[in-house]
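Encoded as structure tokens, the structure appears first; notes follow it.
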Amino acid sequence: MPELPEVESLAAFLRTHASGHVIARAEAASFAVLKTFDPPLSALTGLTIGDITRHGKFLDLSCGDLHLVMHLARAGWLRWRDDIPDKPVKPGKSPLAFRLVLDDGSGFDLTEAGTQKRLAVYLVRDPMLVPGVATLGPEPLADDFTVESLAAILKERRMQIKGVLRDQHIIAGIGNAYSDEVLHAAKMSPFKLASSFTPEETAALHEAIVTTLREAIDRSAGLAAADLKGEKKTGLRVHAKTGQPCPVCGDTIREVSFADSSLQYCPTCQTGGKSLADRRMSRLLK
């Protein structure tokens, strides 16, 4: 799933390639992808793309008085094309979900792999009209995301810190991958209760959040949209690295599996050498 660093890098890419261009046409190739109906997609034709911003994991293209807001979900991606075919898209079993064509024939496709179609496109007059945007927590790279504000978020929240970091209503933009990376950098167990953090631990977590996200963005700076996925995989230290050596201490990276996701961690760096209980595997062994 594209998370804050990848979406920020996609926004930067589109600022260079799409801002200032006039929209020739916008087409939904999937009946499910468009979550709004007023105004219609045809209202985008002839509008000039202005600023391109990010809200958590949402991309926001300002087009005159309208906003084209997109969420790539778990299996979606943006594919830039310098020359898009003239013929209109047709709904079907193709991964193509949405297409935007610019005045010079370039543009982008939104594609989604797999059978769970969750990629979402909204055309609204105000991005706050998008439910997922309106309920986002604070941006972790904003100036007002301080150690003190993080302490207020964690206080009395009896949730595992892994869940806090992933919850978009609590902190915006961090998903499964970068929550693993943040906790590894902070040397903390993903099962640690948020309400148990000391001031020193909160400061360490804040530093890990900001540093991990900024480093990921810096690694992606200037890359084409097509190269961002590969950069993310290369830059990760523990996420999706089960069985490989920890790059810090050399211990074997372990995994805890859930129904629809998994987390990875280093026992030596994060849990005092102890392996965390993998509930799904425990059930299979009984």
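Across L102 and G107, no two heavy atoms sit closer than the pair CG-CA, 4.3 Å. Minimum heavy-atom separation, E181 to T212: CB-CG2, 3.9 Å. What you find for P245 and I253 is that their closest heavy atoms are O-CD1, 4.0 Å. Across all non-hydrogen atoms, the minimal contact from L213 to P140 is CD1-CG, 3.7 Å. Contact detail for S275 and R254: the closest heavy-atom pair is OG-NH1, 2.8 Å. Taking every heavy atom of both residues into account, V164 and A194 meet most closely at CG2-CB, 3.9 Å.
A side-chain donor from one of D104 and S106 sits under 3.5 Å from a side-chain acceptor of the other. A donor-acceptor contact closer than 3.5 angstrom links the side chains of E255 and S257. A donor and an acceptor atom, one from each side chain of H239 and Q264, are located under 3.5 Å apart.
When each of L100, V69, L66 is checked for a side chain to side chain contact (heavy atoms under 4.5 Å, CB included) with L61, only L100 meets the rule.
The residues E139 and R54 are annotated as salt-bridged, a charged nitrogen and a carboxylate oxygen being separated by less than 4.0 angstrom. The pair R25-E27 meets the salt-bridge criterion, since a charged nitrogen lies less than 4.0 angstrom from a carboxylate oxygen. We find that R15 and E8 are joined by a salt bridge, their nearest charged nitrogen and carboxylate oxygen being less than 4.0 Å apart. A salt bridge does not link R79 with D109: every distance from a Lys NZ or Arg NE/NH1/NH2 to an Asp or Glu carboxylate oxygen is 4.0 Å or more.
A 4.5 Å side-chain heavy-atom check between T211 and E215 finds at least one atom pair inside the cut-off. At a threshold of 4.5 Å between non-hydrogen side-chain atoms, the residues D51 and D60 do not count as touching.
The distance from atom CD1 of I153 to atom CG of D167, rounded to the nearest 0.5 Å, is 10.5 Å. Taking CG of L141 as the start and CG of L4 as the end, the distance is 5.5 Å to the nearest 0.5 Å. Here L44 contributes atom CG and L123 contributes atom CG; the two are 4.5 Å apart, rounded to the nearest 0.5 Å. Between F98 atom CZ and T111 atom OG1 the span is 13.0 Å, to the nearest 0.5 Å.
With hydrogens and angles ignored, the 3.5 Å screen pairs a side-chain donor or acceptor of D103 with a backbone N or O of V22. Judged purely by atom type and a 3.5 angstrom limit, Y265 uses its side chain to pair as donor or acceptor with the backbone of L276. A donor-acceptor pair under 3.5 Å links the side-chain atoms of E201 to the main chain of T198, judged by distance alone. No donor-acceptor pair closer than 3.5 Å links the side chain of H67 to the backbone N or O of M128. No donor-acceptor distance shorter than 3.5 angstrom exists from the side chain of S19 to the backbone of T16, with no hydrogens or angles considered. No side-chain donor-acceptor contact under 3.5 Å links E3 to the backbone of I174. In this structure, the side chain of S179 engages the main chain of N176 through a donor-acceptor pair within 3.5 Å. Looking at H169, its side chain never comes within 3.5 Å of a backbone N or O of L136 through a donor-acceptor pair. A donor-acceptor distance shorter than 3.5 angstrom exists from the side chain of T135 to the backbone of P131, with no hydrogens or angles considered. The backbone N or O of G235 sits nowhere less than 3.5 Å from a side-chain atom of R237 that would complete a donor-acceptor pair.
More than 12 non-hydrogen atoms from other residues, nucleotides or ligands lie less than 6.0 angstrom from CG of D38.
By the 6.0 Å and 45° rule, K192 stacks over the aromatic ring of F197.
Aromatic ring pairs are classed by plane angle as parallel below 30°, tilted from 30° to 60° and perpendicular above 60°; the pair Y122 and F58 is tilted.
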